[in-house]
Undergrad: 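Let me give you the structure first, and then I'll get to my questions.
Reminder, nothing fancy here: chain letters follow the sequence lines and each chain counts from 1.
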Amino acid sequence: MTDAIFALTLSLLVLAPLAIAGVALINTGLGRSRSAAQALLGCLAIVAVSAIVFALIGAGLAGVPGGTGHTLQLAGKPWNWIGSGPFFLNGLSTAPLEAQLALLFEFMAVALAALVAWGSGADRLRLSAGCAVAAVLSLLLFPLSAHWIWGGGWLAQLGVNFGLGAGFLDAGGAATVHLLGGLCALSVVWIAGARKGKFPKEGLSTAMPGHNAVYILFGCILALVGWMAWNLSGAILFLHAPLAQLPVTAINTLLCASSALAATFTVTRVRFGKPDASLCANGWLAGLVSSSASAALVSAGAAILIGIVAGIATPLLVELLELALSMDDPSGAISVHAVGGLWGLIAAGIFAGQNGQLLAQLVGIATLLGLILPCTYLLFWMLDQVIPFRVDPDGERIGMDLHELGGGAYPEFVIHRDESYR
Amino acid sequence: MKYAGLLVMPAGFFLSIAALVLFPAPAQRIAFVLCGLGVEALGLVVAVRGHMENRGGNQ
């Protein structure tokens, strides 16, 4: 890696936390006003817990491209299943520059994956439970996925060992961050249950709209900057993309988000008579998520198509999950991150144009769905027995801010009484 | 029911891995990996149905 590429990648990685800031604002805006301070403080706490746990243990298990790992021999092939790097970031300053940058990328990625799950538990997930979820994610779930995909693990080696294209491709974290985060969100929603009054015994679900559209929409703009930095640095680190490929990658990221927004705008306009701000924000974010796997690999036309599919699917899925499947997901993380990431991975397989690439992507998806989701649910269920996820009914009634922090985010505003408690 | 669904899902993963190891021909591999994903989808549907049965249970 030349000095110029090193400086460029480091600069991009310094911008990547804007994606985290954007998702934090979106999560907060989509929650209720009486839980806003707890939601945003939770984002900070989760980033902090993720960074510490990942630095102490997770980074050693995740490894970096070209690092060492434990290998099983199965059917005559090596299956590199977990990293064997040093714990406590030992020897980091003497590691190759590329390895140091990849580790910095993983620090950002683990924090974003944990934030995705936090958003789904809004208004009822306790702060301590959110931090515990982040700790488990950073300790085991993320390091395993990151090693398999980014650290030279068995999914990355599918091309070498089984002739499947270039192996599982996920430069921007569609699987490692978004699909994993979305699966964690699904487990949190299943374990914590719905907010009080969300699903009455009879009739349709109660609408609980986000409390601040400005946070949500400004978060989308911040996320765009962060995502561009994310996709570009991922392309350099994990795909070794040449400089000439980088402007195209940034343009594809923008095109994916833009076409997704246009599609969601149209769908909500047709369905409700007027475009829905929070669903449009979800569509924009789904476009960004689906660009994560594919932005560095596809043409501009394909990026637009990928965004349109993500943008059409997102509002329909949000509605399906809430109305038909009784899942209370305030931030829409399951639709946006899990399904958006899934679609991005499949699209990378379809449009990357390498023989066997789609099959490699499908094997990666099967691994995350079939192995990581049940493990995630089991670990979170055990965690729930020790640190209950859900706040007590009184805490939910007065709001997470007053219950957990002793003060609200908007002390000079009157908080409206919740009609669902009558 | 939710647990039954989640228990079925790893079977789909092992089916996909078995396809890689056992079948060198691309067509058979794709068919078995898709079967594996199908089994996972079935497990997910069962788990979601289990969640729906508990509608309002936390309230």
Side-chain angles (χ1 to χ4, degrees), chain A residues 74-77 79 124 154 158 161-164 183 186-187 189-202 205 320-321 324-328 334 338 342 346 355-356 358-378 381 389-390 393 396 420, chain B:
Chain A
L74 188 66
K77 306 281 185 191
W79 298 72
R124 76 276 203 206
W154 68 272
L158 284 177
N161 291 336
F162 297 100
L164 301 184
L183 296 179
L186 179 62
S187 300
V189 166
W190 273 344
I191 292 169
R195 287 170 287 182
K196 188 172 171 58
K198 179 68 185 174
F199 297 117
K201 291 282 183 194
E202 291 172 7
S205 64
L320 177 80
L321 256 60
L325 305 182
S326 304
M327 287 193 203
D328 184 15
I334 300 168
L342 208 66
I346 294 171
N355 199 19
L358 181 58
L359 190 54
Q361 301 298 100
L362 291 178
V363 171
I365 290 168
T367 306
L368 281 161
L369 275 183
L371 194 62
I372 297 290
L373 175 60
C375 289
T376 304
Y377 185 84
L378 178 68
W381 180 85
F389 278 19
R390 194 183 177 91
E396 202 176 350
S420 63
Chain B
M1 202 160 154
K2 191 188 288 177
Y3 301 109
L6 287 167
L7 281 173
V8 167
M9 296 183 78
F13 162 69
F14 288 116
L15 200 56
S16 301
I17 296 301
L20 292 182
V21 175
L22 297 177
F23 302 116
Q28 286 174 316
R29 269 186 180 170
I30 289 177
F32 267 76
V33 169
L34 288 177
C35 283
L37 281 166
V39 170
E40 289 178 8
L42 196 68
L44 190 61
V45 167
V46 172
V48 169
R49 294 281 301 177
H51 171 77
M52 287 167 66
E53 282 178 2
N54 196 31
R55 179 178 163 133
N58 277 311
Q59 299 169 36

Undergrad: Counting only heavy atoms closer than 4.5 Å, note whether A:Tyr377 contacts chain B via side chain, backbone, both or neither.
TA: side chain
Undergrad: Can you check whether A:Ala192's main-chain N or O pairs, donor with acceptor, with A:Arg124's side chain at less than 3.5 Å?
TA: no
Undergrad: Using the six-membered ring wherever Trp is involved, compare the ring planes of B:His51 and A:Trp190 and label them parallel, tilted or perpendicular (cut-offs 30° and 60°).
TA: tilted
Undergrad: Judged by atom type as modelled, is there a donor-acceptor pair below 3.5 Å linking the side chain of A:Arg390 to the main-chain atoms of A:Ile191?
TA: no
Undergrad: Could you check if a side-chain atom of A:Leu358 sits within less than 4.5 angstrom of a side-chain atom of A:Ile346, using non-hydrogen atoms only?
TA: yes
Undergrad: At what distance, to the nearest 0.5 angstrom, does CH2 of A:Trp154 lie from OG1 of A:Thr367?
TA: 3.5 Å
Undergrad: Could you go through residues 2-9 of chain B and list every donor-acceptor pair under 3.5 Å that involves a side-chain atom there, pairing it with any protein atom two or more places apart or in another chain?
TA:
none

Undergrad: Tell me, for B:Val33 versus chain A, whether the close heavy atoms (under 4.5 Å) come from the side chain, the backbone, both or neither.
TA: side chain
Undergrad: Can you tell me how far apart CG (A:Leu74) and CG (B:Leu20) are? Round to the nearest 0.5 Å.
TA: 10.5 Å
Undergrad: Mind checking which of residues 22-32 of chain B sit less than 4.5 Å from chain A, heavy atom to heavy atom?
TA: B:Arg29, B:Ile30
Undergrad: If you count heavy-atom pairs under 4.5 Å with chain B, which of A:Leu325, A:Asp328, A:Leu186 comes out on top?
TA: A:Leu325
Undergrad: Where on B:Ala47 is there a heavy atom nearer than 4.5 Å to chain A: the side chain, the backbone, both, or neither?
TA: both
Undergrad: Measure distances from A:Leu164 to the heavy atoms of chain B and classify the residue's part below 4.5 Å as side chain, backbone, both or neither.
TA: side chain
Undergrad: Only counting residues at least two apart or in another chain, list the ones meeting side chain to side chain contact (heavy atoms under 4.5 Å, CB included) with A:Asn161.
TA: A:Lys77, A:Pro78, A:Gln157
Undergrad: Can you list the residues of residues 34-46 of chain B that sit under 4.5 Å from chain A, counting heavy atoms only?
TA: B:Leu34, B:Leu37, B:Glu40, B:Leu44
Undergrad: Out of curiosity, A:Cys375 SG to A:Leu183 CG, how far, rounded to the nearest 0.5 Å?
TA: 11.5 Å
Undergrad: So which atom in A:Ala360 and which in A:Leu158 form the shortest heavy-atom distance, rounded to 0.1 Å?
TA: O-CD1, 3.9 Å
Undergrad: Over all heavy atoms of both residues, which pair between A:Ala194 and A:Phe199 is shortest? Give the atoms and the distance, please.
TA: CB-CD1, 3.4 Å
